[in-house]
Amino acid sequence: MSKKTKAWMLTAMTLATPLVAGALMAPTAAHAAGGLISIIVNDPANNYWLTEGKVAAAEAQALGYKATVSANKGDTNIESNLIDTAITNKSVAIILDPANASGSIGAVKKAVAAGIPVFLVNAEINQQGLAKAQLVSNNAQGAALGAQEWVKDVGQQGNYAELLGAPSDNNAATRSNGYETVLSQYPGLVKTASQVANWDRTQGHDKMQSMLQAHPDIIGVISGNDEMALGAIAALKEAGKIGTIKVGGFDGSPDAVAAIKAGELQYTVLQPVAIFSKKAVDEADSFLKTGKTGAAAEKQLFDCILVTKDNVNDFVAPFTLKQ
């Protein structure tokens, strides 16, 4: 991820009521006055995180809050500065997609020490009891869905490659382990190449090129997210192998949906980011009103959905399938 220190700001939606010091007021008083909910996503250049921020901000506004959306770009230093800004602006709550499972703990502690409840979305931190909630996709379940479909598409014999996400994100290991749990049941499938591409399309392209040069006989590529998968597809097109090497993704992004329709991507696994981003704001609202999130546990898993050519036309909005 980029180390740029300029934080991206999506929108600042304002209400007529003045900003209050949520950290110093009782939950009901803070809610009655509205207040600011600061939303920090990873990188809105990726449609997944763009949707995460938009949905959370829209829900905050609908519930009567102000909202700002900024981006940490996967950089804990930027993230720490954004938390400082949220504290300075007297936010009543923070919705955070943490930059690093371990490295973001300090930023969360800083917000908590300032009396601001933190609600994590999409990615976890390696410490329980700090955030009021951690809402994430059921990555193990989603990976199993994807791997099972991938085997149907590529068959049970041959060499294959894997593209992995950022090591600092627990989701990368969870998905890779989920793939391995399924694919290890097929001894005829041999992983001969594996590269970290950090959730990035350009890196996915470049890593796919190098793997293809070293292993021209692979029959498929299984990817930790759609961006890397789409990068791999671009490399396969350049090599004239898009029809012979099959690719599977993970996220359910609009570009992945288009690639499935075009017959270039076999499937994607939809992460319900539009659902849990909204839910995180609802739980923040509940906590500010009552002192409770309304959830049974801090960590909450949201099941993923397999998207193939059979249901790819069912999308009604980005990352949202019709019910």
Report task. Compare all side-chain heavy atoms of Ile219 with those of Leu189 and state whether any distance is below 4.5 angstrom. Result -> yes
Requested in this report: For Ile83 and Ala107, work out which heavy atoms get closest and say how close.
Outcome: CG2-O, 3.6 Å
Query - Side chain to side chain, Leu183 and Val151, heavy atoms closer than 4.5 Å - result: yes
Query raised in the report: So do the side chains of Thr320 and Phe315 get within less than 4.5 Å of each other, counting heavy atoms only?
Result: no
Query - Side-chain touch Leu212/Lys241, heavy atoms, less than 4.5 angstrom - result: yes
Report task. Using the test side chain to side chain contact (heavy atoms under 4.5 Å, CB included), find all partners of Ala172 that sit at least two apart in sequence or belong to another chain. Result -> Trp199
Query raised in the report: Where do Gly178 and Ala143 come nearest, in terms of heavy atoms and distance?
Result: CA-CB, 3.8 Å
Query - Distance in Å, Asn89 CG paired with Leu82 CG, rounded so as to fall on 0.5 Å steps - result: 10.5 Å
Report task. Compare all side-chain heavy atoms of Lys110 with those of Asp84 and state whether any distance is below 4.5 angstrom. Result -> yes
Query raised in the report: Does the side-chain contact (heavy atoms from CB on, under 4.5 Å) test come out yes or no for Trp150 and Tyr179, once each step is laid out?
Result: CA-CA 10 Å; Trp150 191 83; Tyr179 294 156; over 6 Å; no
**Report entry** Electrostatic pair Glu298:Lys132 at N-O distance under 4.0 angstrom
**Finding:** no
Query - Side-chain heavy atoms of Val118 within contact of Leu120, under 4.5 Å - result: yes
Query raised in the report: Same hydrophobic cluster for Val269 and Val182, using side-chain heavy-atom links shorter than 4.5 Å among ILVMFWY?
Result: yes
Query - Ser184 (side chain) donor-acceptor with Thr181 (main chain) under 3.5 angstrom - result: yes
Report summary line: All heavy atoms of Leu306 vs all of Gly146, minimum pair found to be CD1-CA, 4.5 Å
Query - Nearest-0.5 Å distance, CG of residue Asn122 to CG of residue Asn171 - result: 5.5 Å
Query raised in the report: side chain to side chain donor-acceptor pair (under 3.5 Å) with Arg201: which of Asn225, Asp255, Asn46?
Result: Asp255
Query raised in the report: Can you list the residues that meet the side-chain hydrogen bond (donor to acceptor under 3.5 Å, both in side chains) rule with Thr268, with sequence neighbours excluded?
Result: Asp226
Query raised in the report: Residues two or more places apart in sequence or in another chain: which of them pass side chain to side chain contact (heavy atoms under 4.5 Å, CB included) with Lys237?
Result: Ile233, Ile242, Glu264
Query - Those residues that, when tested against Tyr267, pass ring pair (Phe, Tyr, Trp, His ring centres under 6.0 Å) (two or more places apart) - result: none
Query raised in the report: In Å, rounded to the nearest 0.5 Å, how long is the span from CG of Asn138 to SG of Cys304?
Result: 6.5 Å
Requested in this report: Only counting residues at least two apart or in another chain, list the ones meeting side chain to side chain contact (heavy atoms under 4.5 Å, CB included) with Gln185.
Outcome: none
Query - Heavy-atom pair of closest approach, residues Pro117 and Leu288 - result: CG-CD2, 4.4 Å
Query raised in the report: Got a sec: does the CD1 of Ile275 have more than 12 other heavy atoms crowding it under 6.0 Å?
Result: no
Query - Audit row: Leu321, Val316, side-chain contact (heavy atoms from CB on, under 4.5 Å) steps and yes/no - result: CA-CA 6 Å; Leu321 284 168; Val316 294; over 6 Å; no
Query raised in the report: Cut-off 3.5 Å, side chains only: do Glu227 and Gln203 have a donor facing an acceptor?
Result: no
Query raised in the report: Should we say atom NZ of Lys292 is surrounded by more than 12 heavy atoms from elsewhere, each under 6.0 Å from it?
Result: no
Requested in this report: Please answer: with hydrophobic residues joined when any side-chain heavy atoms are less than 4.5 Å apart, are Leu96 and Leu301 in the same cluster?
Outcome: no
**Report entry** Donor-acceptor contact below 3.5 Å, side chain Asp43 vs main chain Ala45
**Finding:** yes
Query raised in the report: Do Ile37 and Phe276 belong to the same hydrophobic cluster, where Ile, Leu, Val, Met, Phe, Trp and Tyr are linked whenever their side-chain heavy atoms lie under 4.5 Å apart, directly or via other members?
Result: yes
Query raised in the report: Do Leu130 and Val136 share a hydrophobic cluster, counting only Ile, Leu, Val, Met, Phe, Trp and Tyr and linking them when any side-chain heavy atoms are less than 4.5 Å apart?
Result: no
Requested in this report: Specify whether Phe319 and Tyr48 have parallel, tilted or perpendicular ring planes, treating 30° as the upper limit for parallel and 60° as the lower limit for perpendicular.
Outcome: perpendicular
Query raised in the report: Any idea which heavy atoms bring Ser137 and Pro272 closest together, and the distance?
Result: OG-CD, 3.7 Å
Query raised in the report: Are a donor atom and an acceptor atom from the side chains of Asn100 and Thr76 found within less than 3.5 Å of each other?
Result: no
Query raised in the report: With no hydrogens and no angle check, is any side-chain donor or acceptor of Arg175 less than 3.5 Å from a backbone partner on Asn139?
Result: no
Query raised in the report: If we ignore angles and hydrogens, is there a donor and acceptor under 3.5 Å between the side chains of Glu124 and Asn170?
Result: no
Query raised in the report: Could you give the distance from CE (Met228) to CG (Asp251), rounded to the nearest 0.5 Å?
Result: 8.5 Å
**Report entry** Spacing of Thr202 atom OG1 and Lys207 atom NZ [to the nearest 0.5 Å]
**Finding:** 11.5 Å
Query raised in the report: Is Trp49 linked to Val273 within one hydrophobic cluster, defined over Ile, Leu, Val, Met, Phe, Trp and Tyr using a side-chain heavy-atom separation of less than 4.5 Å?
Result: yes
Could you tabulate the donor-acceptor pairs under 3.5 Å formed by side-chain atoms of residues 153-165, not counting sequence neighbours?
| unit_1 | atom_1 | unit_2 | atom_2 | d |
| --- | --- | --- | --- | --- |
| Asn159 | ND2 | Asp217 | OD2 | 2.7 |
| Glu162 | OE1 | Lys191 | NZ | 2.9 |
| Glu162 | OE2 | Ser176 | OG | 2.9 |

Report summary line: Nearest heavy-atom approach of Gly248 to Ala229 is O-CB, 4.0 Å
Query raised in the report: Does Ser91 use its side chain to pair, donor to acceptor, with the backbone of Ile87 at less than 3.5 Å?
Result: no
Requested in this report: Taking the side chain as every heavy atom from C-beta outward, state whether Phe250 and Ser223 have any pair of such atoms under 4.5 Å apart.
Outcome: no
Report task. Let me see the working for Glu59 and Lys279 under side-chain contact (heavy atoms from CB on, under 4.5 Å), right down to the final yes or no. Result -> CA-CA 9 Å; Glu59 182 67 0; Lys279 186 82 163 71; over 6 Å; no
Query raised in the report: Does a side-chain heavy-atom distance below 4.5 Å link Val196 with Pro167?
Result: yes
Query raised in the report: His205 side chain to Ala232 main-chain N or O, any donor-acceptor pair under 3.5 Å?
Result: no
Query raised in the report: To the nearest 0.5 Å, what is the distance between CD (Gln128) and CD (Gln134)?
Result: 5.5 Å
Query raised in the report: Run the side-chain contact (heavy atoms from CB on, under 4.5 Å) check on Asn311 and Asp314 step by step: do they pass?
Result: CA-CA 6 Å; Asn311 63 343; Asp314 291 344; 3.6 Å; yes
Report task. Report yes or no: does Asn177 contribute a side-chain atom to a donor-acceptor pair with the main-chain N or O of Ala173 at less than 3.5 Å? Result -> yes
**Report entry** Expected output: side-chain Thr51 to main-chain Asn47 donor-acceptor under 3.5 Å
**Finding:** yes
Report task. May I ask you to check whether Ser104 and Glu79 show a side-chain donor-acceptor distance below 3.5 Å? Result -> yes
